Amino acid sequence: MRLSSLFLPTERQPPADAEALSHQLMVRAGLIRQLGSGLWSWLPAGWRVHQKIVQIVREEIDAIGGQEMLMPVLQPAELWKRSGRYDAIGPELFKLKDRRGADMVLAMTHEEAVTVHVAQAVRSYRDLPLILYHFQTKERDEPRPRAGVLRTREFIMKDSYSFDRDPEGLQASYDRHIVAYDRIFDRLGLEWYRVESDVGMMGGSGAHEYMAPCRAGENEVALAPAYAANVEVASAEAQPVELPAGLAAAEEVTTPGLTTVEQVAARLGLPEGALLKAFPVVSERRGLVMVVVRGDHRVNEIKLQNALGEPFRPAREDEISERIGPPGFIGPVGADVPVLLDDAVVPGAYVTGANRPDTHLRGVEPGRDFPFSRADVRRVEPGDTVDGHPIRIEPAIEVGNIFKLGTRYSGPLGATYLDVNGKEQLIWMGSYGIGPARIAAAAVEQFADEKGISWPKAIAPWDVELVGLGKPGTPEFEAAEVIYRELTAIGLDVLFDDRPANPGEKFADAELLGCPLRLTIGKRALESGRIEAQVRRGLVEHEGGVPLEGTAEAVAELWRSLP
RNA sequence: CGGGGCGUAGCUCAGCCUGGUUAGAGCGCCGCGUUUGGGGCGCGGAGGUCGCCGGUUCGAAUCCGGCCGCCCCGACCA
């Protein structure tokens, strides 16, 4: 490709409203342009990156037996009513009517569609297992699109769906996707990890997410050697806390106006972890429940919801005053509500609210002084340990997820088969997503430097940017033309900067766009017989460059060594 | 949905508080010349319904009201 005829609108300054690095650089480099909130166009160079990512994903899903197909974005609402998601999802699902007034939706994923097709076509156990997938636009009316292409309302996703006879078959399909996904993210050249994740409200029996660590990430991941989990579900050993000596019985202390853990701990000269924090919540089946965690810990609402087995809301102040005690001074002792005690609260003497104004209790011992049930409901903190190793918590972008659906969709949509005994059985399903746009953004975030983007070679828009100096007609420019043809002939993707621009401008643009290798042909190259070669990652000059004679061979060899 | 901010040339912004010639700058763009290994220089030029609608006023980019759009933080994210 010749840069002189490429639609590559670059900008010297980042757009005023761009905060995230990938957002700034992808716009500046001419890869993407915004059309509306959460709506982005991919310009030619950006689309090449997207397509390269798509192709890698396609190859690896094909390799585990996936069969590519395509399903519509516009769908009858009836399907979604049958699966129960039409009402369950809420305003994130785009809903519209066709000219006859029929309810339609814009699909946010394709479980319903694919399940209906399989339900119609699959009859026998002999038709299973099956992996179907497609790359298709997803529509989600996100409450808050952000950071360029990181969180948008319309995006392309690879989603595959596995169909198996039984849970063992599902596990096998799931494991095959793990193999494929691990290979995909390795090939893409990203830093990544696979983490345990929440299965969400729609049920299912297991899930992992593929996370790319980077500053603009919206998720938090807890990491230790041989451990990686989304903070939403992470569990770890709490750091120990020094507790005061026990008392024969709990006793009152006056704490006028001290309503926070910090204030009470400071007044009593105790670490915050020597207090217990009460967090009253209300759920539909259980009603009011007092969740109790160590004073220096926080409740993890997702873990709590999973422990409760149903959604909950924090109790209102009037509910607390009425049923328990004055807000700010509540505690489990004598409270007429069930207590759910966090696993990290070890036996010992704690300080709690006394359920009376301006009063706390000390020497409170769980079990002796109040009954409780147990669950792991706290958010892990940096420094907690897993197998003795302290964890760290990092931001990351979710670039893929794999999910055991079980019979969540096959049931309501009637996807069944006849087993060897002629008995009708539900099909066991899994679903597996990958977002190419997020992968592109994550790669930008992970490898960019002060000059611009530095693509991993697997997904760079071009392999090589060839900078031709001098005007058309000069020997150095003509030499660049020759090299351009040679490199293209051996199958490299070459972007030839043949513009009549100053060298500085060409170099700056090349570094902004971030192709892995830059070759420069000017008078110097003709004089020395060596072409300068700069490796984009780290802006390293390749020692001695590459020879002007036999360039293609030398470049191909250099190319293989690049990240 | 709650909080904050922004909307003036292709981009980044000034002007608005305190209304008043023909609305400005830098970059980019076009032409000519020059330069050619890190966004060089000179001369000339094009480009704006000041987001939209209404109001106040002799007069509105500027003041007032409504609407629309966009960004950030939070909530949310099957």
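Order of the sequence lines sets the chain letters (A, B, ...), proteins ahead of strands, with each chain counted from 1. No experiment lies behind these values; they were computed from the predicted model shown.
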Give one of base, sugar-phosphate or nothing for A147(A), where a contact means two heavy atoms less than 4.0 Å apart. sugar-phosphate

Indicate, with a heavy-atom threshold strictly under 4.0 Å, whether T109(A) touches base, sugar-phosphate, or nothing. base

Can you check the distance between rA60(B) and rC41(B), where both ends of the measurement are the P atom (answer in whole Å)? 41 Å

Answer with base, sugar-phosphate or nothing: what part of the nucleic acid does E511(A) contact at a heavy-atom distance below 4.0 Å? base

Got a sec: does the NZ of K81(A) have more than 12 other heavy atoms crowding it under 6.0 Å? yes

May I ask you to say what K506(A) touches in the nucleic acid, namely base, sugar-phosphate or nothing, with a heavy-atom cut-off under 4.0 Å? nothing

Per atom distances to the P143(A) side chain, the nearest of rA75(B), rU36(B), rG37(B) is rA75(B)

How is A16(A) classified with respect to the nucleic acid when contacts are heavy atoms under 4.0 Å: base, sugar-phosphate, or nothing? sugar-phosphate

Only one of F403(A), F185(A), Y193(A) passes ring pair (Phe, Tyr, Trp, His ring centres under 6.0 Å) with Y210(A), and that residue is F185(A)

Do K158(A) and F135(A) form a cation-pi contact, if we require the NZ or CZ to be under 6.0 Å from the six-membered ring centre and within 45 degrees of the ring's axis? no

Name the nucleic acid region contacted by P14(A), choosing base, sugar-phosphate or nothing; use a 4.0 angstrom heavy-atom cut-off, strictly under. sugar-phosphate

Picking from rC76(B), rU36(B), rU12(B), which would you name as closest to the side chain of P15(A)? rU12(B)

E11(A) side chain: which of rG10(B), rG37(B), rA75(B) is closest? rG10(B)

For a quick check of understanding: with a heavy-atom distance under 4.0 Å over all strands, which category does G470(A) fall into, base, sugar-phosphate or nothing? nothing

Which is true for P145(A) with a 4.0 Å heavy-atom rule: it touches a base, it touches only sugar-phosphate, or it touches nothing? sugar-phosphate

Select base, sugar-phosphate, or nothing to describe what Q13(A) touches, counting heavy atoms under 4.0 Å on all strands. base

Using only heavy-atom distances, decide whether a donor-acceptor pair under 3.5 angstrom links the side-chain of R524(A) to the base of rG38(B). no

For atom P, what is the distance between rA75(B) and rG28(B), given to the nearest Å? 43 Å

Expressed in whole Å, how much space separates the P atoms belonging to rG47(B) and rC30(B)? 15 Å

Nearest-angstrom distance, C1' atom, rG26(B) to rG39(B): 14 Å

Answer yes or no: are there more than 12 heavy-atom neighbours, outside L35(A) itself, under 6.0 Å from its atom CG? no

Between rG37(B), rG40(B), rC72(B), which one does the side chain of N502(A) approach most closely? rG40(B)

Please give the distance between the P atoms of rG66(B) and rG10(B) as a whole number of Å. 30 Å

Do I184(A) and I434(A) touch side chain to side chain, with heavy atoms closer than 4.5 Å? yes

Would you mind classifying the nucleic acid contact of G36(A) as base, sugar-phosphate or nothing, using non-hydrogen atoms under 4.0 angstrom? sugar-phosphate

Side chain of P503(A) only, heavy atoms from C-beta on: which candidate in rG37(B), rC71(B), rG39(B) is closest? rG37(B)

Are any protein N/O atoms closer than 3.5 Å to N/O atoms in nucleotides 28-33 of chain B? If there are, list each pair with its distance.
residue	atom	partner	partner atom	Å
rG28(B)	OP1	R12(A)	NH1	3.3

Verify the neighbour count for atom CD of E218(A): are there more than 12 heavy atoms of other residues, nucleotides or ligands below 6.0 Å? yes

Contact class for E218(A) (heavy atom, under 4.0 Å): base, sugar-phosphate, or nothing? nothing

Tell me which of R33(A) and T520(A) sits closer to the 5' end of RNA chain B, going by the nucleotide each one is nearest to. R33(A)

Using a cut-off of strictly less than 4.0 Å, decide whether R144(A) has a side-chain nitrogen or oxygen near OP1 or OP2 of rA75(B). no

Show every ring-ring contact (aromatic ring centres under 6.0 Å, His included) that has at least one partner inside residues 494-535 of chain A, sequence neighbours left out. F477(A)-F496(A), Y484(A)-F496(A)

Qualifying side chain to side chain donor-acceptor pair (under 3.5 Å) pairs with a residue from residues 22-37 of chain A, counting only residues at least two apart or across chains: E11(A)-R33(A), S22(A)-E445(A)

Test salt bridge (charged side-chain N to carboxylate O under 4.0 Å, His left out) applied to E511(A) and K506(A), R536(A), R537(A), R518(A), the passing residue: R518(A)

What contact category does R499(A) fall into here, base, sugar-phosphate, or nothing, at under 4.0 angstrom with non-hydrogen atoms? nothing

